[in-house]
Structures are given as structure tokens and as C-alpha cells.
Amino acid sequence: EVKDTEPVYVKGFSSCGRFFVTVNMVYDPQRLNVINVWDKETGSIVRTFECKVLYDISLSHDGLYLLIVTRNEENMRTVDVMNISTGECEQSIETSVFAWIVSAVFNKNDTSILMIVNNNEAKSYSVKIWNGQAGEYMCNFEHSVPILTATFNNDETMVLTTSKDAVARIWDVTTGCVVKTFNCFI
């Protein structure tokens with residue numbers, strides 16, 4: 001049950017412009033966060049998902065899948081790939097207990113997932129690209145400090161990252177190497 005005093009957040013439209021996602025965040029550990037996928041054309045909720053712990057969500061470009069960054073029963077952060085039509089989890093990508101998946105987004109054709117994974121205990125900070133069709137990681141971009149943001153460029157040949165050292169890095173997806181760095185201290 002959602003109370004009218006709890007905040008509702010919007011997470012944006014699918015690229016096709018038909019679907020969008022809202023989240024009712026609850027701050028009571030006894031209750032679940034409510035995620036609604038809406039159809040703009042009909043004004044109705046297409047699917048509702050619930051989860052106890054919610055870190056991030058992202059809608060696929062075609063509006064068919066939802067990424068939910070959450071925590072499983074073993075206390076590991078996961079990215080769950082949810083089929084909006086069936087409501088079923090089609091893949092669950094796990095990390096170690098100490099690694100934190102900060103965010104996850106689909107690429108433009110919804111076949112890969114770009115994830116930020118920070119592990120403060122191991123001092124391991126990386127951006128990973130998960131190949132959803134093969135079910136395995138295809139790239140890993142390591143940093144020496146926690147990563148804040150990551151995004152694909154338009155043709156998905158490069159990834160731009162920013163981290164707590166105030167440096168933006170452009171990475172080549174094919175080679176996994178840094179192409180250029182930008183010192184963002186002002």
C-alpha cells in the first residue's frame with residue numbers, strides 16, 4: 001500500500017516515447033518500494049514491480065524490459081532484468097557481497113547493460129558491460145577511485161566515465177583502453 005505522503009519519482013520515458021516509469025519510495029524497512037511502468041497512450045499502469053531495497057532502475061529503449069538494481073537475500077547487489085509483459089525476471093546479474101552496483105542502463109538496442117560497480121573494501125572500481133545475449137561480461141574499465149557516472153556515446157564505440165578524482169575518461173569499447181582524459185577540477 002502506498003501512502004499519499006511518500007515521494008514519487010519519475011525515471012523517464014522509453015526511447016519510443018510510449019512508456020515511462022515511476023517509483024514510490026518507502027523509507028520503512030517493513031514495506032516494499034513500488035515501481036510502476038505506465039503506458040502514456042492509455043494512461044494505465046502496464047506492470048507493477050515491488051522490491052524491498054531499490055538502488056536504481058532503468059527502462060529499455062523499446063519499453064519491453066526494466067533493469068532493477070536491488071539486493072538479494074544473500075545481501076548482494078544485483079541487476080534484475082525484468083520482462084515487463086510477463087513480470088518475470090529473465091536474468092539476475094550478481095556481484096560480490098562487498099561490491100555495490102551503483103547504476104545500470106541498457107545500450108540503444110537493448111542487448112547490453114552498462115553497469116557501475118564500486119567495491120570500497122577491495123578498492124576495486126569498474127564500469128562493466130554485460131552482454132545480455134551471451135550472459136557474460138564483455139568489457140571492464142578499471143578506475144582507482146569510486147565511479148560516479150557512465151554513459152555510452154551515440155554509436156556505442158566509446159564509454160564516458162566520471163569518478164571521484166574529478167577526471168572524465170573516454171574509453172574505447174573494443175580495446176578497453178582510455179582514449180582521452182579530462183581534468184574537471186575548476
Side-chain angles (χ1 to χ4, degrees), residues 1-28 31-72 77-95 100-117 127-139 141 147-162 170-171 173:
E1 175 188 347
V2 176
K3 297 179 182 177
D4 62 3
T5 58
E6 293 168 336
V8 176
Y9 299 94
V10 66
K11 284 299 286 188
F13 282 98
S14 59
S15 292
C16 66
R18 181 167 180 177
F19 304 100
F20 67 93
V21 178
T22 60
V23 178
N24 295 78
M25 294 294 291
V26 295
Y27 301 101
D28 178 350
R31 297 184 38 240
L32 299 173
N33 295 292
V34 177
I35 304 163
N36 288 314
V37 180
W38 295 82
D39 184 325
K40 171 184 70 102
E41 303 299 320
T42 65
S44 62
I45 295 172
V46 176
R47 176 74 59 194
T48 297
F49 298 96
E50 295 179 327
C51 64
K52 190 168 190 139
V53 179
L54 178 64
Y55 298 107
D56 192 28
I57 59 172
S58 182
L59 190 59
S60 65
H61 296 277
D62 59 13
L64 300 177
Y65 295 93
L66 184 69
L67 298 178
I68 301 176
V69 181
T70 186
R71 189 172 59 213
N72 67 13
R77 281 202 186 184
T78 63
V79 175
D80 294 336
V81 181
M82 307 302 294
N83 182 313
I84 293 172
S85 177
T86 66
E88 298 297 317
C89 180
E90 293 198 358
Q91 276 188 341
S92 188
I93 307 161
E94 295 182 346
T95 63
W100 295 87
I101 301 171
V102 177
S103 68
V105 295
F106 283 104
N107 65 340
K108 281 192 308 190
N109 61 5
D110 300 323
T111 57
S112 298
I113 300 167
L114 184 68
M115 295 184 286
I116 299 173
V117 182
V127 171
K128 300 174 182 289
I129 299 177
W130 176 265
N131 182 323
Q133 295 168 331
E136 61 189 19
Y137 290 108
M138 53 187 268
C139 288
F141 310 118
I147 302 161
L148 303 173
T149 59
T151 186
F152 283 108
N153 71 330
N154 198 37
D155 65 2
E156 300 177 358
T157 58
M158 292 182 267
V159 168
L160 173 65
T161 63
T162 61
I170 297 176
W171 302 80
V173 171

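S92 and D80 share a donor-acceptor pair across their side chains, judged by distance under 3.5 Å alone. N131 and S112 form no side-chain donor-acceptor contact under 3.5 Å, judged by distance and modelled atom types alone. Counted by atom type alone, N83 and E90 present one or more donor-acceptor pairs between their side chains at under 3.5 Å. Side-chain contact annotation: T149 with T162, donor-acceptor N/O pair under 3.5 Å present. Using modelled atom types, one finds a donor on one side chain and an acceptor on the other under 3.5 Å when comparing T161 with W171. Judged by distance alone, the side chains of N107 and E156 do bring a donor and an acceptor atom under 3.5 Å apart. Residues T22 and W38 bring a donor and an acceptor atom of their side chains to less than 3.5 Å of each other.
At least one side-chain heavy atom of I68 sits less than 4.5 Å from a side-chain heavy atom of I35. D62 is not listed as a side-chain neighbour of S14, based on a closest heavy-atom distance of 4.5 Å or more. Counting only heavy atoms from C-beta outward, the side chains of V21 and I57 approach each other to under 4.5 Å. No side-chain heavy atom of V37 sits less than 4.5 Å from a side-chain heavy atom of F20. The side-chain heavy atoms of D56 and V79, taken from C-beta on, include no pair separated by under 4.5 Å. Side-chain atoms of V173 and I129, non-hydrogen and from C-beta on, do get closer than 4.5 Å to each other. Residues T70 and L54 fail the side-chain proximity criterion, which asks for heavy atoms closer than 4.5 Å. Taking the side chain as every heavy atom from C-beta outward, I93 and T78 never approach each other to under 4.5 Å.
Closest heavy-atom contact between Y137 and E94: OH-O, 4.1 Å. Residues A104 and S58 share a closest heavy-atom pair of O-CB, 3.2 Å. Residues F13 and K40 share a closest heavy-atom pair of CE2-CD, 3.9 Å.
F106 and Y65 have tilted rings, their planes meeting at an angle from 30° to 60° on a 0 to 90° scale.
Atom CG of N109 has more than 12 heavy atoms from other residues, nucleotides or ligands within 6.0 Å.
Judged as a side chain to side chain donor-acceptor pair (under 3.5 Å), and not counting sequence neighbours, the contacts of N153 are D155, T157.
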- [ ] Go through the steps to decide whether L114 and V127 satisfy the test side-chain contact (heavy atoms from CB on, under 4.5 Å), and finish with yes or no.
- [x] CA-CA 7 Å; L114 184 68; V127 171; 3.4 Å; yes
- [ ] Go through the steps to decide whether C139 and F141 satisfy the test side-chain contact (heavy atoms from CB on, under 4.5 Å), and finish with yes or no.
- [x] CA-CA 7 Å; C139 288; F141 310 118; 3.8 Å; yes
- [ ] Go through the steps for S44 and D39 under the test side-chain hydrogen bond (donor to acceptor under 3.5 Å, both in side chains), then give the verdict.
- [x] CA-CA 6 Å; S44 62; D39 184 325; 5.7 Å; no
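Going from atom CZ of R47 over to atom CD of E88 covers 8.5 Å, rounded to the nearest 0.5 Å. Atoms NE2 and CZ, on H61 and F19 in that order, are 14.5 Å from each other to the nearest 0.5 Å. Here the NZ atom belonging to K52 is positioned 9.0 Å from the CZ atom belonging to R71, to the nearest 0.5 angstrom.
Formation of a donor-acceptor pair under 3.5 Å by the N36 side chain with backbone atoms of T48 is not found in this model. In this structure a side-chain-to-backbone donor-acceptor pair under 3.5 Å is present from R77 to I101.
For the side chain to side chain contact (heavy atoms under 4.5 Å, CB included) with L59, the qualifying choice from L64, L66, V105, L67 is L66, the only one to do so.
Residues in residues 104-114 take part in no salt bridge (Lys or Arg N to Asp or Glu O under 4.0 Å) pair, two or more places apart or across chains.
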